[in-house]
Amino acid sequence: MVWRQWVDWTRVLLFGDRERKGIVVLALLYLVLIDVALMYLTPFLYMLSTMFKTTADLLDPTIKWVPTSLAWDNLKLAWQGLKFPDALKNSLIVSGGSAVGQVFFCSLTGYAFGRLKFPGRNALFLLLIFSFLIPPQTLIIPLYVLFKNLGLLGTHWGILLPALLGHGVRGALFVIIFRQFFLTLPKELEDAALIDGAGPFRVYWRVMIPLAKPAILVVFLFSFVWHWNETFVTGMLLGGKDVPLSLSLFNLNKVLTGMYPETEGSFDLNETVRMAASFLIIMPPLLVYMIAQRWFVEGVERTGLVE
């Protein structure tokens, strides 16, 4: 009997039961989490290490992670090469404006698909899903011709206008997120507002939007980051005018060669500056995420994105 109890206690300790996880399960879980964390953190740590290296450290094969001294000039060169203040302003206009536009218009469209009944609703929603599956590369030529005829090439409106019409980068996905969220809300709230004389838009603005804060935060962050990192459509429509940070990185080596002609032909020697430029580019969205992390995780859970 004592032997049986000892075996059961050991089994629960190692493998757990319905109430708690065992040591073996926890060890495997933490091992997987550490591996995943290292997979994502290693490139970031390499970027931090390289951006502070001197040219001598970069050429020394014995120095991989820890530089002999901190070369702060790399950040200064990256700041100048990116034309950081102007590029940051352009990125905030494109990313922030598109995110705000998509939050409003995609939520309005998602409310219509989720709560209103009108002819052809299901067929239009299927078309919306189909548009989400179309690669943006297949649409760039007609999109380019359209904005050229409208005179919007080389302006921020070429990026902002689709977002203000409920589309833009991943716009169909955001409509689906809002639709699924609005479908989870009790119908009694809507009925009570309609009895009080509210119309569909007032129900959307007074009842649905205050309850949709988790979905709004998720869509805003996703839209902001995806527009921040987007280069293909942005590069085609903006060209070389008022470029955001994501496109400034492509022009960095050309700018550095113009600033320092002696570096021409020494492409690899600019790796430290490129890493510093990459750090400057990812810092704004990283700060936004760090501030909103708590609400973002809650929003992902409540919108059903983890299912």
Side-chain angles (χ1 to χ4, degrees), residues 82-112 128 131-132 136 139-140 142-179 181 201 204-205 208-210 212-251 280-293 295-296 299 303:
L82 290 174
K83 300 179 181 177
F84 189 80
D86 293 335
L88 177 63
K89 180 189 69 174
N90 294 329
S91 291
L92 291 176
I93 292 174
V94 170
S95 303
S98 298
V100 172
Q102 285 187 321
V103 164
F104 178 74
F105 288 98
C106 291
S107 64
L108 187 61
T109 308
Y111 168 72
L128 177 73
S131 69
F132 173 65
L139 301 176
I140 190 61
L143 193 65
Y144 182 89
V145 173
L146 172 63
F147 283 112
K148 181 180 179 181
N149 294 334
L150 294 175
L152 298 178
L153 287 181
T155 67
H156 291 146
W157 286 108
I159 310 299
L160 294 174
L161 189 59
L164 297 178
L165 295 176
H167 196 59
V169 178
R170 309 292 198 284
L173 174 62
F174 299 146
V175 173
I176 295 172
I177 290 175
F178 277 115
R179 174 185 180 270
F181 182 84
F201 185 80
Y204 158 79
W205 187 252
M208 297 299 174
I209 285 298
K213 292 179 181 178
I216 290 174
L217 182 61
V218 169
V219 169
F220 179 84
L221 288 179
F222 278 155
S223 177
F224 184 85
V225 172
W226 283 337
H227 278 92
W228 189 278
N229 296 325
E230 214 285 323
T231 57
F232 178 72
V233 176
T234 304
M236 292 292 293
L237 298 181
L238 287 182
K241 299 179 180 179
D242 297 329
V243 294
L245 284 170
S246 58
L247 295 179
S248 297
L249 186 62
F250 291 103
N251 302 325
L280 292 176
I281 291 173
I282 68 173
M283 278 307 297
L286 188 61
L287 290 174
V288 171
Y289 174 75
M290 290 174 62
I291 295 173
Q293 177 187 7
W295 300 279
F296 175 73
T303 52

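Predicted model only: the values in this text are computed from it and were never measured. Values below: every heavy atom of this structure, side chains too, minus hydrogens, waters and symmetry copies.
- The backbone N or O of T231 lies less than 3.5 Å from no partner atom in the side chain of T234, so there is not a single donor-acceptor pair.
- Aromatic ring orientation, F201 versus Y204: tilted (interplanar angle from 30° to 60°).
- Counting only residues at least two apart or on different chains, the side chain to side chain donor-acceptor pair (under 3.5 Å) pairs with a member in residues 95-104 are Q102-S223.
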Could you go through V145 and K148, starting from their C-alpha distance and side-chain angles, then the distance that decides it, and tell me whether this counts as side chain to side chain contact (heavy atoms under 4.5 Å, CB included)? CA-CA 5 Å; V145 173; K148 181 180 179 181; 5.6 Å; no
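- The distance from atom CG of L108 to atom CH2 of W205, rounded to the nearest 0.5 Å, is 10.0 Å.
- A distance of 10.5 Å separates CG of L249 from CG of L280, quoted to the nearest 0.5 Å.
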Report the C-alpha separation of K213 and L217 in whole Å, then their side-chain angles, then the decisive distance to 0.1 Å, and conclude whether the side chain to side chain contact (heavy atoms under 4.5 Å, CB included) test is met. CA-CA 6 Å; K213 292 179 181 178; L217 182 61; over 6 Å; no
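- No side-chain heavy atom of V233 sits less than 4.5 Å from a side-chain heavy atom of Y144.
- Rounding to the nearest 0.5 angstrom, the gap separating the CZ atom in F181 from the CE atom in M208 is 10.0 Å.
- We find the OG-CD1 distance between S107 and I177 to be 12.0 Å, quoted to the nearest 0.5 Å.
- Here N90 contributes atom CG and K83 contributes atom NZ; the two are 11.0 Å apart, rounded to the nearest 0.5 Å.
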Would you list the atom pairs, donor with acceptor, under 3.5 Å between side chains in residues 163-175 and any protein atom, with sequence neighbours excluded?
none

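- Atom-to-atom distance recorded for I281:CD1 and W228:CH2 is 8.5 Å, nearest 0.5 angstrom.
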N/O donor-acceptor pairs under 3.5 Å from side chains in residues 150-162, not counting sequence neighbours:
{"from": "T155", "atom 1": "OG1", "to": "L152", "atom 2": "O", "distance (Å)": "2.6"}
{"from": "H156", "atom 1": "NE2", "to": "D242", "atom 2": "O", "distance (Å)": "3.4"}

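- In this structure F84 satisfies the ring pair (Phe, Tyr, Trp, His ring centres under 6.0 Å) test together with W79, sequence neighbours excluded.
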Which is it for I216 and F104 under the side chain to side chain contact (heavy atoms under 4.5 Å, CB included) test, yes or no, and what are the steps along the way? CA-CA 9 Å; I216 290 174; F104 178 74; over 6 Å; no
